[in-house]
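Here's the structure we're looking at; comments come further down.
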Amino acid sequence: MFPVRRMRRLRKSERLRSLVREAEVTKGDLIYPVFVQEGIERREAIDAMPGQYRLPLRGLRKEAQELVDLGIPGVILFGIPARKDAKGSQAYAPRGIVQRAVAEMKAEVGEDLLVITDVCLCEYTSHGHCGIFKGGKVLNDPTLELLARTAVSHAKAGADMVAPSDMMDGRVGAIRSALDEAGCEETLIMSYAAKYASAFYGPFREAASSAPSFGDRKGYQMDPGNSDEALREVLLDLEEGADIVMVKPALAYLDVIYRVKNEFLAPTAAYNVSGEYAIVKAAAEKGYCDERKLVMEVLTAIKRAGADIILTYHAKDAAGWLDGG
Ligand code: PBG
């Protein structure tokens, strides 16, 4: 007890603080999300996400090399097709935008970068829902086949890992068996296991033009009030064959990350989503907060909560800062 115990002794210098620090973000934890848009020639700025762009296909080789040079281990690709239809057919077209994007990146950097693909239909359907829409609802089981086809087409294009974000029941199992049948048993699955119906996805939906044209996603994404349910979702995905499980969003759901990591001791990812990024950027632009300190605190908090992997639009900046830049 005081005065024998003095907590401040360990905080006296940066050398001591760093010696006893429990959670620390490293570049090796980060995955950078990239938007690729079909049919554009130049990159387009995303208004609600300052510093982020929709890239043309031909910009991807340079992007891949830049990430490798920064020491960022992985990228997650989101595609914006030139044409959308009711069944999201461009999601599983062999020469679809993401399939070609994967091939471009792999041709440039090969094994030096993990190329992960988001598997979902919402960017490809005319109605903007994450599955087949009929009679006022999103049909679960018929959607599974399309998701599995999408995942296999990504793997065949060279993706190291597929990341289903649709929240249909049974999709991890359906994707795992389809991959195995197609001879892609080496392809990993990172499932968006506990994905909440969140307002924090707003800027992303603008970036990917993927907002539902009617209704919302509450019939398949999780209710923000629940965390026991998150554990049940994660358990099912692990049983169905997920290699990595993800919690999304990250910041408002740190307790969920903590519970998931502690309960299952499985590789756990957290998605520091578009709205979380936009908030930080807006506060920094207005001069209300120091961007660099804010970002490093946010990422450290996500790591401390239990995430092994952080998907974040701040990845490039953070990698530079972690290098002492
Ligand atoms: C696709 C998907 C979304 C995000 C990742 N994959 C949007 C959504 O579910 O509406 C959000 C990512 C972000 O906000 O940064 N289903």
Side-chain angles (χ1 to χ4, degrees), residues 30-36 46-54 74-81 84 88 90-92 97-98 116-125 127-133 138 140 143 146-147 150-151 154 161-168 171-172 175 189-224 233 244-253 269-282 295 298-299 302 309-316:
L30 305 176
I31 292 174
Y32 183 64
V34 165
F35 297 95
V36 55
I46 300 167
D47 290 343
M49 301 171 71
Q52 305 301 315
Y53 301 87
R54 283 179 290 258
V75 67
I76 182 163
L77 284 172
F78 296 93
I80 305 147
K84 305 190 184 215
Q90 284 303 306
Y92 39 90
I97 184 64
V98 164
I116 306 167
T117 55
D118 185 84
V119 173
C120 195
L121 299 183
C122 63
E123 295 121 69
Y124 304 89
T125 52
H127 45 71
H129 277 289
C130 301
I132 296 180
F133 195 88
V138 175
N140 195 86
T143 300
L146 301 185
L147 294 168
T150 305
H154 292 173
M161 196 185 297
V162 292
S165 68
D166 53 283
M167 289 301 276
M168 298 300 120
R171 92 277 208 207
V172 174
I175 289 173
I189 300 178
M190 172 165 68
S191 75
Y192 290 67
K195 176 173 176 180
Y196 288 85
S198 171
F200 285 100
Y201 309 149
F204 174 97
R205 291 179 187 171
E206 183 220 295
S209 341
S210 67
S213 52
F214 46 85
D216 53 39
R217 301 208 204 290
K218 291 180 187 170
Y220 39 105
Q221 299 181 347
M222 284 182 56
D223 188 297
E233 280 282 6
I244 299 171
V245 286
M246 191 201 299
V247 174
K248 176 187 171 192
L251 268 191
Y253 298 86
Y271 200 139
N272 177 216
V273 299
S274 57
E276 302 172 50
Y277 175 83
I279 288 171
V280 166
K281 293 302 274 193
V295 168
V298 161
L299 299 180
I302 296 170
I309 301 164
I310 305 173
L311 295 88
T312 179
Y313 303 96
H314 299 293
K316 288 184 186 177

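As the structure lists them, so they are numbered: ligands from 1, and atoms in each ligand from 1.
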Is the closest heavy-atom distance from [X] to ligand 1 below 4.0 Å?
| X | answer |
| --- | --- |
| Glu276 | no |
| Met167 | no |
| Phe78 | yes |

- Task: Answer yes or no: does atom CZ of Phe35 have more than 12 heavy-atom neighbours from other residues, nucleotides or ligands under 6.0 Å?
- Result: yes

- Do Tyr201 and Lys195 have side chains that get closer than 4.5 Å, going by heavy atoms? yes

- Backbone of Pro164 reached by a side-chain donor or acceptor of Arg171 within 3.5 Å: yes

- Message: Please check this pair: side chain of Glu276 against backbone of Pro249, looking for a donor-acceptor N/O pair closer than 3.5 Å.
- Response: no

Report the nearest protein non-hydrogen atom to [atom]: residue, atom name, distance rounded to 0.1 Å.
| atom | value |
| --- | --- |
| atom 5 (C) of ligand 1 | Lys248 NZ, 2.6 Å |
| atom 14 (O) of ligand 1 | Ser274 OG, 2.7 Å |
| atom 15 (O) of ligand 1 | Tyr313 OH, 2.6 Å |
| atom 9 (O) of ligand 1 | Lys195 NZ, 2.6 Å |

- Under 3.5 Å between some N or O of ligand 1 and some N or O of Ser210? no

May I ask you to list the atoms of ligand 1 that are less than 4.0 angstrom from any heavy atom of [X]?
| X | result |
| --- | --- |
| Ser165 | 1 (C), 2 (C), 6 (N), 16 (N) |
| Arg217 | 8 (C), 9 (O), 10 (O) |
| Glu123 | 1 (C) |
| Tyr271 | 12 (C), 15 (O) |
| Cys122 | 1 (C), 16 (N) |

- Task: Look up atom CG in Asn272 and atom CD1 in Ile302, then write down how far apart they are to the nearest 0.5 Å.
- Result: 4.0 Å

- Task: Enter the distance from Leu147:CG to Ile132:CD1 here, rounded to the nearest 0.5 Å.
- Result: 9.0 Å

- Item | Minimum heavy-atom distance between Arg217 and Ser210, given as atom pair plus value | NH2-O, 2.7 Å

- Task: Indicate whether the side chain of Gln52 and that of Tyr32 have a donor and an acceptor atom separated by less than 3.5 Å.
- Result: yes

- Item | Member of Phe78, Tyr277, Tyr271, Tyr313 meeting the ring-ring contact (aromatic ring centres under 6.0 Å, His included) criterion with Phe204 | Phe78

- Query: So which bit of Asp118 gets within less than 4.0 Å of ligand 1, heavy atoms only: side chain, backbone, both or neither?
  - Reply: side chain

